[in-house]
Each structure stands twice: as structure tokens, then as C-alpha cells.
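Have a look at the structure below before the remarks.
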Amino acid sequence: MSIIKRSTPNEQDIQLLYQTVRIAHTAKEQGNHPFGALLADKDGNILLEQGNSYEEGGSAMHAETLLLFKASRLYAPDFLATCSLYTNAEPCVMCTGAMYWTNVRRLVYGITEAKLLELTGADEQNPTFDLPSHEVLAHGQKDIEVVGPTDDEDLVQAIVSDHLSFWVH
């Protein structure tokens, strides 16, 4: 079984999470679900950015999965093990699995999957799984750090506002 280290975002993490909010907002403006992800190296340099995009594969191609597929083509697994995946909302089971299989060993997210479910309600466009990423990762064989959710109120409000203006309740 994996060793899952859980912690809260540091100052650099918060700044990068704000970038995921920007990415998610752009995705929403383009008619996609308001999710944004980025991949950063061990020094916090942004390597890739991705919003949800139906043009790139339909409803199964969430921002995190799209980003991780691209990352796996560009970078070796040993390098990806030193990187962090940042996302405005906790990744679903599929996206968490993509992170695991591409060998990214650090996840940083803004709001929990449970909070996302509160925001999306019963909207059929987002049939949210109620399964936290740390629980999914605990069943693997890799040591992974899970950082989140944030307690930065301004950041949470920025994430929530895009979701409140998108989902039908």
C-alpha cells in the first residue's frame, strides 16, 4: 500500500492554485466546465496548463486527465515523480488514476470533491463521485503527497464563484 502524506498548501501552492482558477475561468468562458489544472516542477515553474475541453475528447477528458496525458508524452516518469499536479477542485477517481499512472507524486487542490458536489448538486453534467483522492491513492503502491484543501478564504471564494455561476441547481 501507498504512504499518503497529507498537508495544507504553502504560500507557493496558493499562488499556483490561483493560476488554476484563471485556467478554469477561461475554460468556463469557452463553454466548458470550470476546471483548471497545471503541472509544476519541483521549483514551482509551470510546465503545462489545461482547462476542461470538450474539443479535446468529450466529457471524459477532464482538465487533469488531458494535462497528464500531455505530460506523459513530454516527460519521463522519473521527472514526473518530482512534479506537482495543481487543480482548482479535488480530482475525480479517473483523474487521480491518471496522476498515479503518469507517476506524478504530489497533488495540490483547492476545494474537496465533497464541496464540489455541494456546488454542482444533481446536475447531470457532473455526476460527482464521492471518493476522495487520498482514499484512491491509498490503494496504490506509490508514496504520494496530497495537499489540500486550501483554507485561504479568498481562493475558495474564487473557485466557488465560477462553479456557482455555471451549474444548474
With [X], which residues qualify under side-chain hydrogen bond (donor to acceptor under 3.5 Å, both in side chains), at least two apart?
{"X": "Arg73", "answer": "none"}
{"X": "Thr65", "answer": "none"}
{"X": "Gln50", "answer": "Glu56, Lys70"}
{"X": "Thr87", "answer": "Glu64"}

Exercise for the section: Write out all pairs satisfying side-chain hydrogen bond (donor to acceptor under 3.5 Å, both in side chains) with one or both partners inside residues 144-153, taking only residues at least two apart or from two chains. Expected result: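 Sorted result for residues 144-153: Ser7-Glu145, Tyr18-Asp152, Arg106-Glu145.
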Handout entry: Whether Glu90 side chain and Glu113 backbone form a donor-acceptor pair below 3.5 Å
Key =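 The answer is yes, because a donor-acceptor pair under 3.5 Å joins these two groups.
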Practice task
Look only at the side chain of Asn52 and the backbone of Pro34, and say whether a donor-acceptor pair between them is shorter than 3.5 Å.
Solution key: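 A pair under 3.5 Å: no.
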Approximate separation, where rounding is to 0.5 Å, of [X] [atom1] and [Y] [atom2]:
{"X": "Leu117", "Y": "Trp167", "atom1": "CG", "atom2": "CH2", "result": "11.0 Å"}
{"X": "Tyr86", "Y": "Ile46", "atom1": "OH", "atom2": "CD1", "result": "9.5 Å"}
{"X": "Asn103", "Y": "Ser72", "atom1": "CG", "atom2": "OG", "result": "11.0 Å"}
{"X": "Asp13", "Y": "Asn10", "atom1": "CG", "atom2": "CG", "result": "3.5 Å"}
{"X": "Leu16", "Y": "Ser84", "atom1": "CG", "atom2": "OG", "result": "8.5 Å"}
{"X": "Leu119", "Y": "Ile111", "atom1": "CG", "atom2": "CD1", "result": "5.0 Å"}

Exercise for the section: Verify the cluster assignment for Met94 and Leu66: are they in a single hydrophobic cluster under the rule of side-chain heavy atoms below 4.5 Å apart? Expected result: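 Each belongs to a different hydrophobic cluster.
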Handout entry: Connected via hydrophobic side-chain network under 4.5 Å: Val108 and Ile14
Key =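 Hydrophobic grouping puts Val108 with Ile14.
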Over all heavy atoms of both residues, which pair between [X] and [Y] is shortest? Give the atoms and the distance, please.
{"X": "Ala24", "Y": "Gly36", "result": "CB-N, 3.5 Å"}
{"X": "Pro9", "Y": "Pro149", "result": "CD-O, 3.7 Å"}
{"X": "Ser133", "Y": "Pro91", "result": "CB-O, 4.3 Å"}

Practice task
Would you list the pairs meeting salt bridge (Lys or Arg N to Asp or Glu O under 4.0 Å) in which at least one residue belongs to residues 35-50, sequence neighbours left out?
Solution key: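 Found Arg22-Glu49.
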Handout entry: Of all pairs that satisfy salt bridge (Lys or Arg N to Asp or Glu O under 4.0 Å), the ones with a partner from residues 156-165, not counting sequence neighbours
Key =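 Pairs touching residues 156-165 that pass the test: Lys28-Asp162.
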Problem - Members besides Leu85 in its Ile/Leu/Val/Met/Phe/Trp/Tyr cluster (side-chain heavy atoms under 4.5 Å) - result: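 ILVMFWY cluster around Leu85 also holds Ile4, Leu39, Leu47, Leu48, Leu67, Leu68, Leu74, Tyr75, Phe79, Leu80, Met99, Tyr100, Trp101, Val104, Leu107, Tyr109, Leu137, Ile144, Val146.
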Problem - Residues which pass side-chain contact (heavy atoms from CB on, under 4.5 Å) with Glu29, listed by chain and number, not counting sequence neighbours - result: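 By the side-chain contact (heavy atoms from CB on, under 4.5 Å) rule, Glu29 matches His25.
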Handout entry: Val21: partners by side-chain contact (heavy atoms from CB on, under 4.5 Å), with sequence neighbours left out
Key =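 Val21: side-chain contact (heavy atoms from CB on, under 4.5 Å) contacts with Leu155, Ala158, Ile159.
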